[in-house]
Amino acid sequence: MSADQFMPAIEIPTLILNAENDPLLEKDCYPFALAQKKPEIHLEVPARGGHTGFMLPGEPLAYSETRLAEFVAQF
């Protein structure tokens, strides 16, 4: 099941973080158009990170964990 059907109803700030080089997702899986229309959706697509990557060498937390904490702190 895809989350596509639920995303238009998002009313609270929501971070969607997925790497562009994710080997499991095609480019059309990313909700670029919806994120442009809905200010509540914050879509971030870094070039690298793989499917479950985002590990930072020498860091105890993955980039996704650090970025999520930053995002939540904004609100």
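Not measured: the values here are computed from a predicted model.
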Give a yes or no on whether Glu26 atom CD has more than 12 heavy-atom contacts from other residues, nucleotides or ligands under 6.0 Å away.
-> no
Thr14 OG1 to Met7 CE distance, which is reported to the nearest 0.5 Å = 10.0 Å
From CA spacing to verdict: side-chain contact (heavy atoms from CB on, under 4.5 Å), Val45, Asn18 | CA-CA 5 Å; Val45 184; Asn18 206 96; 5.6 Å; no
Decide side-chain contact (heavy atoms from CB on, under 4.5 Å) for Leu17 and Phe71; before the verdict, give the C-alpha distance in whole Å, the side-chain angles of both, and the deciding distance to 0.1 Å.
-> CA-CA 11 Å; Leu17 176 64; Phe71 182 78; over 6 Å; no
Glu11 atom CD: more than 12 heavy-atom contacts under 6.0 Å | no
Can you check whether Tyr30 reaches Ile16 side chain to side chain, under 4.5 Å on heavy atoms?
-> no
Mind checking the CG-CD spacing from Leu68 to Glu65? Nearest 0.5 Å is all I need.
-> 8.5 Å
So, Glu20 and Arg48, do they make that salt bridge, N to O below 4.0 Å?
-> no
CD on Glu40 to CD1 on Ile10, rounded to 0.5 Å | 8.5 Å
CA sep, side-chain torsions, deciding dist, call: Glu44, Leu15, side-chain contact (heavy atoms from CB on, under 4.5 Å) = CA-CA 8 Å; Glu44 295 182 14; Leu15 175 63; 3.7 Å; yes
